[in-house]
Amino acid sequence: MVHAIQSKRESAHKGQRFLLLFVFLLATLVLFPYAEASHVGGYAFRVIGSIAIVVSVYAANVRRSMLIFAIVLAIPALLERIMLREISESSFSIFNIVLALGFEVMIVVVILRHVFAAERPTSETIFGALCTYLLMGFSFASIYGLVAAFQPNAFYLDPHMNLHSVPDRFDFIYYSFGTMTSLGATGITPVSSQARSFSIFEAILGVLYLAVLITGLIGAYRPRTQADRS
């Protein structure tokens, strides 16, 4: 009897891991503008961002054989959240962005496998798909940062709409989600062909993802009845 109660509690916690990750990812987006505005905002962002990375590994439920690999890739992402390094042409900065991007892509792939493996869409499945959508936005922000590291003039920031001339991490996150949602990122313009190519790809991917996967999951979603829970 005790074992059955414990297993139900564990399944309940596991059943909300994507919801937990979704909350922390949203909190990261909300706190990002205040990371450099004040010490309190910067501290809160570092804490929430670091927790979001740890929760990503937990929510993805990575297999033991891949757990060490996931932890190794998560370290650069943690450093990026804690130290808030500016994007530069240095080898360390590029290497850090590549490893962080590898971590984000791995988490996206693992969560998508969980989403597609579900026999019937549930609320947790939908939250998993939404987490993937947000993580895709962060992943493309890393890609744009990588492009800017190799091509410093790949993006143009309008001086009338920006307080700085060199794009930072938040600029790329703003541009990434603006591109993915087809709303556009006012004040930031891709200049190089590589930056424009990735922008087009993200815009198409974002529209297709919302139109096909999210809409399909919500359309097939049926709330769990009391009989299903028992």
Notebook entry, point to check: Could you state the interatomic distance from OG (S165) to CG (D158), rounded to the nearest 0.5 Å?
Noted result: 12.0 Å
Next item on the list: Would you check if F150 and I94 make a side-chain contact, meaning some heavy-atom pair closer than 4.5 Å?
Entry: yes
Notebook entry, point to check: Can any side-chain N or O of S176 pair as donor or acceptor with the backbone N or O of G137 at less than 3.5 Å?
Noted result: yes
Margin query: Please give me the minimum heavy-atom distance between I107 and A60, naming the atom from each residue.
Written below: CD1-CB, 4.0 Å
Margin query: Show, in sequence, the C-alpha distance, side-chain angles and deciding distance for F155 and S192, and conclude whether the side-chain contact (heavy atoms from CB on, under 4.5 Å) test is met.
Written below: CA-CA 7 Å; F155 292 87; S192 69; over 6 Å; no
Checklist line | Validation row: L29, F138 side chains within 4.5 angstrom (heavy atoms) | finding: yes
Check: Is there a side-chain contact between N153 and V191, using heavy atoms and a 4.5 Å cut-off?
Finding: no
Next item on the list: Ignoring hydrogens and angles, tell me if any N or O in the side chain of Y174 forms a donor-acceptor pair with the backbone of T186 under 3.5 Å.
Entry: yes
Item checked: Validation row: T132, Y209 side chains within 4.5 angstrom (heavy atoms) -> yes
Margin query: If we ignore hydrogens and angles and just use 3.5 Å, is the side chain of D171 paired with the main-chain N or O of D168 as donor and acceptor?
Written below: yes
Checklist line | Shortest non-hydrogen contact from S182 toward V207 | finding: OG-CG2, 3.4 Å
Next item on the list: Answer yes if the side chains of S139 and S142 hold a donor-acceptor pair under 3.5 Å, and no otherwise.
Entry: no
Notebook entry, point to check: Does L183 share a hydrophobic cluster with I204, counting links as ILVMFWY side-chain heavy atoms below 4.5 Å and allowing steps through other members?
Noted result: no
Check: Can you tell me if S197 uses its side chain to pair, donor with acceptor, with the backbone of Q194 under 3.5 Å?
Finding: no
Notebook entry, point to check: Which heavy atom of M136 sits nearest a heavy atom of L205, and at what distance?
Noted result: CE-CD2, 3.4 Å
Notebook entry, point to check: Are L25 and F22 close enough that some pair of their side-chain heavy atoms sits under 4.5 Å apart?
Noted result: no
Next item on the list: State plainly whether one hydrophobic cluster holds both F95 and V105, where clusters connect Ile, Leu, Val, Met, Phe, Trp and Tyr through side-chain heavy atoms under 4.5 angstrom apart.
Entry: yes
Check: Which pair of non-hydrogen atoms, one from A195 and one from A154, has the smallest distance, and what is that distance?
Finding: CB-O, 3.8 Å
Item checked: Side chain N162, main chain H164, donor-acceptor under 3.5 Å -> no
Margin query: As an exercise, state the distance from NE2 of H114 to CZ of R17, rounded to the nearest 0.5 Å.
Written below: 5.5 Å
Check: For the hydrophobic clusters of this structure (ILVMFWY residues joined by side-chain heavy atoms under 4.5 Å, transitively), does one cluster hold both Y58 and V54?
Finding: no
Next item on the list: Look up atom OG1 in T28 and atom CD1 in I173, then write down how far apart they are to the nearest 0.5 Å.
Entry: 8.5 Å
Notebook entry, point to check: Out of curiosity, L99 CG to E104 CD, how far, rounded to the nearest 0.5 Å?
Noted result: 11.0 Å
Note to self: Tell me whether L134 shares a hydrophobic cluster with F201, the cluster being built from Ile, Leu, Val, Met, Phe, Trp, Tyr side chains joined at under 4.5 Å.
What the structure shows: yes
Note to self: In the structure I gave you, are the side-chain heavy atoms of E202 and Y144 within less than 4.5 Å of one another anywhere?
What the structure shows: yes
Check: Are V30 and V47 linked, directly or through other ILVMFWY residues, by side chains that come within less than 4.5 angstrom of each other?
Finding: no
Next item on the list: Check the pair F24 / I53 against side-chain contact (heavy atoms from CB on, under 4.5 Å), numbers first and verdict last.
Entry: CA-CA 9 Å; F24 277 105; I53 293 174; over 6 Å; no
Next item on the list: Report yes if some heavy atom in the side chain of L101 is under 4.5 Å from a heavy atom in the side chain of I143; otherwise report no.
Entry: yes
Notebook entry, point to check: Going from CZ on F198 to OG1 on T179, what distance comes out if it is rounded to the nearest 0.5 angstrom?
Noted result: 13.0 Å
Checklist line | Test item: Y133 and M180 side chains (from C-beta on) under 4.5 Å apart, heavy atoms | finding: yes
Note to self: Is there a side-chain contact (heavy atoms from CB on, under 4.5 Å) between I111 and L135? Walk through the geometry before answering.
What the structure shows: CA-CA 10 Å; I111 293 180; L135 287 170; 3.9 Å; yes
Note to self: To the nearest 0.5 Å, what is the distance between CZ on F18 and CG on L21?
What the structure shows: 8.0 Å
Checklist line | Ring centres under 6.0 angstrom apart (F140, Y175) | finding: no
